[in-house]
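Notes follow once the structure below has been shown.
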Amino acid sequence: ALELFMKQSFKDSDHQYQEELKRSVKAEYESIFLKNEEESTKRCLSLLQQLYTQLEKKVNEGIFMRQGGYQQYKGDLEGIVNQYKSQPRKGIKADAILLNFLGEKENVGTSILNAEKVIAERERQLAVQRIRQETMERERRAAEEEQRELQQRLAQQEKANREMMERCRQQAEVERQKCIAAQNAVLEAKLKEQQASITAVFQNETKCMETQIQDLRHQVSYSGSGSDCVIL
């Protein structure tokens with residue numbers, strides 16, 4: 001275009017060739033610019049996709065779906081941005097492609113943040129439930145321990161009552177045996193006294209009878225020596 005312009009410029013009284021040159025240069029510039037934009041866009045998208053591959057894998061695997069996951073995701077994404085910016089020959093679309101890329105991934109970060117809030121609430125509920133269950137478990141163990149101690153006290157009291165009743169029974173048996181022995185002693189004494197009394201009476205009666213027999217014998221002897229026989 002420049003060579004053509006140089007040949008025709010001396011005859012270009014109405015600036016026709018200058019206008020054609022301008023249009024030609026502009027068209028060439030626009031063609032080159034569009035080509036550069038296209039190449040820059042392809043390179044930047046390819047670079048971002050390559051850098052984002054590992055992070056996307058973590059997202060799909062749910063690595064960030066936990067407490068602190070959003071901050072980790074942001075840190076990893078910032079690392080990708082820094083790596084992207086450090087790469088040379090990205091062309092004129094580097095910033096625009098990056099902004100568009102970050103805009104597309106904003107929903108991912110929002111989803112992770114929302115999931116983290118849900119997880120945090122769920123963990124809070126689980127913590128409350130765990131504390132409640134631990135409290136109930138402590139109360140149950142305390143009640144069981146109290147029941148066990150009560151049963152032990154009742155068993156000990158029952159044992160003490162049985163031992164006391166056994167001692168009372170043994171003491172009552174000892175007293176009963178003493179009473180029986182005392183009664184037997186009194187009875188034996190009464191029997192001896194009665195026996196002695198009977199023996200004394202018998203001896204007195206025996207002596208009395210012997211006396212009477214002696215008297216009769218004397219009378220018989222006396223009567224035998226006389227004339228008349230007296231038969232009694």
Side-chain angles (χ1 to χ4, degrees), residues 1-140:
L2 180 58
E3 183 180 357
L4 178 63
F5 173 73
M6 293 300 293
K7 289 181 179 180
Q8 301 295 334
S9 60
F10 295 105
K11 300 178 182 180
D12 189 19
S13 57
D14 56 358
H15 304 291
Q16 177 182 355
Y17 295 110
Q18 292 183 17
E19 292 299 325
E20 288 180 1
L21 177 61
K22 289 180 181 178
R23 286 194 296 270
S24 176
V25 171
K26 182 179 180 181
E28 184 69 19
Y29 175 79
E30 288 179 352
S31 175
I32 293 173
F33 183 82
L34 290 175
K35 185 177 180 180
N36 288 340
E37 278 191 336
E38 183 179 353
E39 292 296 326
S40 176
T41 298
K42 289 181 180 179
R43 172 163 172 73
C44 291
L45 289 176
S46 176
L47 179 59
L48 284 171
Q49 184 59 39
Q50 179 182 354
L51 293 173
Y52 190 71
T53 299
Q54 285 299 113
L55 183 57
E56 185 177 28
K57 182 179 179 182
K58 290 183 179 179
V59 171
N60 293 335
E61 291 177 353
I63 301 298
F64 304 107
M65 297 302 176
R66 57 177 178 79
Q67 283 282 34
Y70 178 68
Q71 290 300 323
Q72 182 181 353
Y73 173 79
K74 281 183 60 180
D76 289 354
L77 189 60
E78 288 176 3
I80 290 175
V81 171
N82 292 333
Q83 292 182 53
Y84 173 81
K85 288 181 177 180
S86 68
Q87 296 297 317
R89 299 190 303 275
K90 293 187 294 293
I92 58 178
K93 298 293 289 183
D95 292 339
I97 295 298
L98 178 61
L99 288 175
N100 185 65
F101 172 81
L102 293 176
E104 291 177 353
K105 303 307 177 186
E106 185 175 349
N107 290 336
V108 177
T110 301
S111 298
I112 293 174
L113 182 60
N114 291 336
E116 185 174 339
K117 291 179 180 178
V118 172
I119 292 171
E121 176 62 21
R122 177 58 178 167
E123 289 183 353
R124 186 193 67 80
Q125 294 177 356
L126 290 175
V128 171
Q129 183 178 0
R130 184 171 59 254
I131 292 172
R132 185 181 298 114
Q133 289 177 345
E134 290 174 353
T135 300
M136 293 175 62
E137 180 64 18
R138 285 195 299 270
E139 292 176 351
R140 184 189 64 80

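Here, residue 1 is the first one in the sequence, and each next residue gets the next number.
- One finds the CG atom of Leu55 at 4.0 Å from the CD1 atom of Ile80 (value rounded to the nearest 0.5 Å).
- In terms of heavy atoms, Ser40 sits closest to Ala94 at OG-N, 3.9 Å.
- Residue pairs meeting the ring pair (Phe, Tyr, Trp, His ring centres under 6.0 Å) criterion with at least one member in residues 109-139, sequence neighbours excluded, do not occur.
- Between Ile97 atom CD1 and Ser46 atom OG the span is 12.0 Å, to the nearest 0.5 Å.
- Within the structure, side chain to side chain donor-acceptor pair (under 3.5 Å) pairs that include any residue of residues 100-120 comprise Asn100-Glu104 (at least two apart or interchain).
- Every residue two or more places apart in sequence or in another chain was checked for a ring-ring contact (aromatic ring centres under 6.0 Å, His included) with Tyr70, and none qualifies.
- Looking at every heavy atom in both residues, Met65 comes nearest to Ile112 through CE-CG1, 4.3 Å.
- Residues meeting the ring-ring contact (aromatic ring centres under 6.0 Å, His included) test with Tyr84, sequence neighbours left out: none.
- Residues Arg138 and Thr135 have side chains in contact (heavy-atom distance under 4.5 Å, counting atoms from C-beta outward).
- For residues 51-62, the pairs satisfying salt bridge (charged side-chain N to carboxylate O under 4.0 Å, His left out) are Lys58-Asp76, with sequence neighbours left out.
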Report the C-alpha separation of Gln83 and Gln87 in whole Å, then their side-chain angles, then the decisive distance to 0.1 Å, and conclude whether the side chain to side chain donor-acceptor pair (under 3.5 Å) test is met. CA-CA 7 Å; Gln83 292 182 53; Gln87 296 297 317; 6.0 Å; no
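- For Arg140, the CZ atom counts as densely surrounded, since its 6.0 Å shell holds more than 12 non-hydrogen atoms of other residues, nucleotides or ligands.
- Atom CZ of residue Arg122 and atom CD of residue Gln67 lie 13.5 Å apart, to the nearest 0.5 angstrom.
- Counting heavy atoms from C-beta outward, Leu77 and Phe101 have side chains that approach closer than 4.5 Å.
- No hydrogens or angles considered: nothing links the side chains of Glu137 and Gln133 as a donor-acceptor pair under 3.5 Å.
- With values rounded to the nearest 0.5 angstrom, Leu98 atom CG is found 6.0 Å from Leu48 atom CG.
- Taken to the nearest 0.5 Å, the CZ atom of Phe64 stands 8.0 Å off from the CZ atom of Arg66.
- Applying the salt bridge (charged side-chain N to carboxylate O under 4.0 Å, His left out) criterion to Lys42, with sequence neighbours excluded, gives Glu38.
- Among all heavy-atom pairs drawn from Tyr52 and Tyr73, the shortest one is OH-OH, 3.6 Å.
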